[in-house]
Protein chains: 2
Amino acid sequence: MSTRENLITQAALLLDKGGDAAVTLRAVAHAVGVSHNAPYRHFKDRNALLAAIAERDFRMLALAFEGTRLGDAEPIQRLKEALGLFIQYGRDYPARYRLLFSDPGIGAAGGSLEAAALKAFTAFAGLVEDAQSTGALPPTPTRELAGLIYATAHGLVDLQAGGRMREQKGLSAAEQGVALLLLLLGAS
Amino acid sequence: MSTRENLITQAALLLDKGGDAAVTLRAVAHAVGVSHNAPYRHFKDRNALLAAIAERDFRMLALAFEGTRLGDAEPIQRLKEALGLFIQYGRDYPARYRLLFSDPGIGAAGGSLEAAALKAFTAFAGLVEDAQSTGALPPTPTRELAGLIYATAHGLVDLQAGGRMREQKGLSAAEQGVALLLLLLGAS
DNA sequence: ATCCTTTGTTGACAGCGTCAACTTAGGAGA
DNA sequence: TCTCCTAAGTTGACGCTGTCAACAAAGGAT
């Protein structure tokens with residue numbers, strides 16, 4: 001594995017373990033086994049390293065969505081699966097999740113991060129489109145409806161990660177919220 | 001005005017102007033005109049100062065929601081007004097908004113911050129309840145429906161603040177998204 | 001055989017949060 | 001009135017951080 005990839009991996013590990021503040025360039029470099037300035041050969045600055053983590057994870061999200069779309073289940077069921085994955089990702093890796101969706105200062109990274117983020121959303125919109133084609137969701141313009149569901153899922157996950165949403169017994173608040181949204185959208 | 005309040009005000013100003021990273025204890029102290037260590041007489045550490053900003057703003061949000069509830073317009077219209085205020089707050093003060101809703105490390109603050117956040121949400125739920133009572137929204141349990149709408153608005157604002165949501169012409173994506181949600185919820 | 005590019009190193013710097021110790025002002029209690 | 005305690009503020013120091021500059025080696029292309 002290249003040093004660059006090692007840096008990204010170890011940085012993500014530190015992020016999961018100790019949150020944003022734990023991702024110090026020196027700690028990452030030490031974890032990889034290089035000097036404290038080696039990361040600068042691969043990343044312009046700390047934000048660029050964080051952006052690389054985000055880009056990698058957005059790509060994985062996109063792949064997960066695309067993979068889900070190919071499943072056997074009913075389209076609306078596949079959409080629910082994808083939303084479940086999304087919520088689980090946010091719950092299991094809250095610091096990483098917030099890096100992808102709520103970190104300022106990462107925006108200045110080259111367009112490749114934005115492209116990866118857009119690709120993930122586009123894959124998600126495909127799932128919504130499939131569900132619409134079976135009448136399980138209203139015929140609202142796909143892009144807007146997908147944006148609405150995406151934003152709702154994000155809002156639920158983010159509020160839950162911040163403790164601003166109480167946990168219910170059994171299902172997480174986010175899972176319940178998404179289920180309610182789909183119910184209200186589909187029952188009409 | 002007490003030094004403590006001055007510290008909160010200047011910190012919020014710096015936050016608006018330069019984002020989270022600009023809120024350095026030394027810069028805040030300098031802006032107030034005290035030594036670099038004076039803030040420690042009023043706040044345990046940097047996070048405690050940030051939490052104080054968040055608490056103050058949550059209180060203001062709660063007041064805004066409560067005030068809106070007393071308006072003359074139809075309940076569903078008052079709810080839309082409140083959502084408009086919320087979105088505008090997030091758009092005008094994105095760094096502050098993210099402090100309230102997406103900042104880890106603030107959770108460790110005493111329960112008074114959580115209480116203020118809950119009060120804001122409770123006021124919002126009151127608006128939803130009023131709208132339900134006129135049949136403008138489905139009779140889903142109020143707390144869950146309010147949580148859903150709240151989370152959706154938050155998700156839209158947060159995605160927009162992070163640039164992950166394209167701006168439409170005229171209305172912001174968040175305003176459009178909320179309108180679409182209410183339409184889909186109410187048209188059923 | 002030479003040279004340039006990539007990758008890595010060491011060393012330094014200012015700025016940060018935080019701790020410790022000292023100073024001062026002002027009110028409570030005698 | 002004198003004393004003393006507490007709250008508020010100060011100076012100085014510490015280690016850690018991101019980042020810059022200068023140097024070293026290694027390896028393929030010419």
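Note on naming: letters A, B, ... go to the chains in the order of the sequence lines (proteins, then strands), and numbering restarts at 1 for each one. None of the values given here were measured: they were computed from a predicted structure.
- Ring geometry, Phe86(B) versus Tyr97(B): the interplanar angle exceeds 60°, so the pair is classed perpendicular (tilted spans 30 to 60°).
- Between Phe124(B) and Tyr150(B), the ring planes are tilted. Angles from 30° to 60° get that label.
- At whole-Å resolution of the value, CG in Leu50(A) and P in dG18(D) are 10 Å apart.
- Rounded to a whole Å, the CG atom of Asp45(A) is 17 Å from the P atom of dT17(D).
- Taking atom NE2 on His42(A) and atom C1' on dT19(D), their separation rounds to 17 Å, with Å as the unit.
- The nucleotide whose nearest atom lies closest to any side-chain atom of His36(B) is, among dA13(D), dA22(D), dT10(D), dA13(D).
- When heavy atoms are screened at a 4.0 angstrom cut-off, Arg46(B) is found touching the sugar-phosphate backbone but no base atom.
- Picking from dG9(D), dT18(C), dT19(D) the nucleotide with the shortest atom distance to the side chain of Leu25(A) gives dT19(D).
- When distances run from any side-chain atom of Arg26(B) to the nucleotides dG12(D), dT17(D), dA13(D), the shortest one goes to dA13(D).
- Across the protein-nucleic acid pair, Glu5(B) atom CD and dA8(D) atom P stand 13 Å apart, rounded to whole Å.
- Contact annotation: Tyr40(B) reaches the phosphate of dT18(C) (side-chain N/O to OP1 or OP2, under 4.0 Å).
- The separation between Arg4(A) atom CZ and dT6(C) atom P is 14 Å, rounded to whole Å.
- Set against dT9(C), dA21(C), dT11(D), the side chain of Val34(A) has dT9(C) as its closest nucleotide.
- Side chain of Thr24(A), nearest nucleotide from dT17(D), dG17(C), dG9(D): dT17(D).
- His30(A) has its NE2 atom 16 Å from the C1' atom of dT17(D), to the nearest Å.
- In terms of phosphate contacts, Thr3(B) brings a side-chain nitrogen or oxygen within less than 4.0 Å of OP1 or OP2 of dG9(D).
- Across Val178(B), Leu184(B), Leu185(B), a single residue satisfies side-chain contact (heavy atoms from CB on, under 4.5 Å) together with Leu181(B), and that is Leu185(B).
- Annotation for Ala131(B) and Leu79(B): closest pair CB-CD2, 4.4 Å, computed over non-hydrogen atoms.
- Per the geometry, CZ belonging to Arg41(A) stands 17 Å off P belonging to dA26(D), to the nearest Å.
- Dense packing is recorded around OH of Tyr89(A), with more than 12 heavy atoms of other residues, nucleotides or ligands lying under 6.0 Å away.
- One can place NZ of Lys44(B) at 19 Å from P of dA7(D), the figure rounded to the nearest angstrom.
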